[in-house]
Amino acid sequence: MALSRRGFLGLTGLALAGATGVGTLAGCGSSAAGSGQIAELLTSRLSLPERFKVGLPIPSVKEPTGIRDGADLFEIVQREAALEIIPGFQTPVFGYDGTFPGPTLVTRRGQPALVRHTNRLPVPTVVHLHGGHTPADSDGYPTDLLLPEGGAQLRGHAAHDMGGDVRTGSRDHRYPMEQPAATLWYHDHRMDFTAPQIWRGLAGFHIIGDDDEDALGLPSGERDVPLMIVDRAFEEDGQFRYPAIDPTMLDEPGVEDDFMEGVSGDVILVNGAPWPVLEVDAVRYRLRFLNASNARRYDLRLDPAPPSGPAFVQVGSDAGLLAAPIEQPSLTIAPAERFDVVVDFAAYPVGTDVAVRNSLGSGSTSDVMRFRVVRTASDDSVVPERLADFETLHPGDAVGHREWRFSRGAVGDHRGWTVNDRAFDPNRMDAEVKLGELEIWRFFTDLQHPIHLHLDPFQVISRNGRDPGQFDAGWKDTVNLAPAEYVDVAVRFSDYKGAFLIHCHNLEHEDMAMMAAFGTI
Ligand code: C2O
Ligand code: CU
Ligand code: CU
């Protein structure tokens, strides 16, 4: 397997041979997707739809179909569907239950969930619950493939046995849900093919609630809105456009050379709709922003900014509520990050259109969506000054220190992306970590990389030896690093022994081997 991967990367990475002087590649290439972007822009071949014409869809909430061994059973069928994303066009998607985003799972802390996935797609899949504190055998290790019912015709690279726990048809994922209220998401994690499969639609929300959160009185019900932001490009017939070497995803992984840095598109979708509009009452709303894009970062701002008060009051980060709210004039959100915020539309006169703009975009990608304040209404929600009992991790208590370097790599024939100068090998553990022990992990980057850990969240201790940044508060499971940065995080893994992942969540980097496995003992 390792041989064939090196063969593949050798082939697609030739143009990058010896590209160690990476400074010039830091997002300023002529076709890059805008300032501060590492990814290359892929443009659509249809004329872009008018912005702010489509209503914001809210993904449906999945109902459990029964109880199995004390867990709520949820059954999801992964299948193809044709959706009207761009008005007047049909876009074939890979969808959880044939939808994009997939249905939202809503579960409670302490109440286990059993999620049964059935694969009726033409490709193997792997489901990962991002942010889940999940046992290894349910976490979605990239080689634990779920082959389609009836089997897939894998060829070439994709047919190699990579040693995972391969099933056919259905797989049960057991999620203990022993973790606090948080906005998680589930998505594909198939070895070498995660980026094209998420691009085709395999992503959905999984929201955990708990009693502590309910007691706070934050906006709820229709005033608690999940917002999944992605960018996509379209072919002239409405299909998603993606620069895969093998569009069938059955043979050779990888993207065309020009897209090694990541793929970004010129259409912004929120919950699967292009630049949508949501009518809101002039009251507080809780907005759960998720950046589910392959490689694009956003800096979200409200336009106009509220005449008084902060634009966003951040109440939660990736893995749960903050200790106390933080006022944020803007939100810089990297792939896989979540920002849980409250916006008070009472600051605006009724009739105002409030745009969410992206100051890291240009042209079509500088717009995201719009809120239209349509009426006054009563509001009994509050944002309390204390949100959660928050355990601050103290670096002085750490018993272990490790370093992880994320860089463009040339190791032997491998010329993709590396962690500590190695390409991902699913059968090699790059660290052994004792459960229950606090460690400090230092991440180093060459270019822009959002770094994600499985199994447990972490706290950002410092950036380049100084204080954490504006967006680093709380329990994080993904932290964005700018070019040539280092960030220290404190992490303590717990409960589950097995193999877990650390990787870049730029999905093209991930697929091109910027991932490592660690074993917990
Ligand atoms: Cu959201 Cu290992 O991924
Ligand atoms: Cu994850
Ligand atoms: Cu990366």
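Position 1 is the first residue of the sequence; numbering continues from there. Atoms within each ligand, like the ligands themselves, are counted from 1 in listed order. We use all heavy atoms of the structure for the numbers below, so side chains are in, but hydrogens, waters and symmetry mates are not.
Draw a line from atom 1 (Cu) of ligand 1 to NE2 of His187 and another to ND1 of His130, and the angle between them is 120° (to 10°).
Shown here for Gln448 and Ile38, the closest heavy-atom pair between the two residues is O-CD1, 3.6 Å.
Side-chain N/O atoms of Thr183 and Arg288 include a donor and acceptor closer than 3.5 Å. Side chains of Asn464 and Glu485: a donor on one and an acceptor on the other come within 3.5 Å.
Aromatic ring orientation, Trp185 versus His505: tilted (interplanar angle from 30° to 60°). Ring-plane geometry between His503 and His189 is classed as perpendicular, the angle between the planes exceeding 60 degrees on a 0 to 90 degree scale with a lower cut at 30.
Here His189 fails the criterion, with no N, O or S atom under 2.8 Å of atom 1 (Cu) of ligand 1. The distance from atom 2 (Cu) of ligand 1 to the nearest N/O/S atom of His505 is not under 2.8 Å. Between the Cu ion (ligand 2) and His189 there is no N/O/S contact shorter than 2.8 Å. Checking His130 against the Cu ion (ligand 2), every N/O/S atom stays at or beyond the 2.8 Å cut-off.
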>> Please determine whether salt bridge (charged side-chain N to carboxylate O under 4.0 Å, His left out) holds for the pair Asp299 and Arg297, giving the CA-CA distance in whole Å, both sets of side-chain angles, and the decisive distance to 0.1 Å.
In response: CA-CA 7 Å; Asp299 181 59; Arg297 282 191 317 138; over 6 Å; no

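Distances from the Cu ion (ligand 2) to each N, O or S atom of His452 single out NE2 as the nearest. If you look at His503 and ask which of its N, O or S atoms sits nearest atom 2 (Cu) of ligand 1, the answer is NE2. Closest N/O/S atom of His454 to atom 2 (Cu) of ligand 1: NE2.
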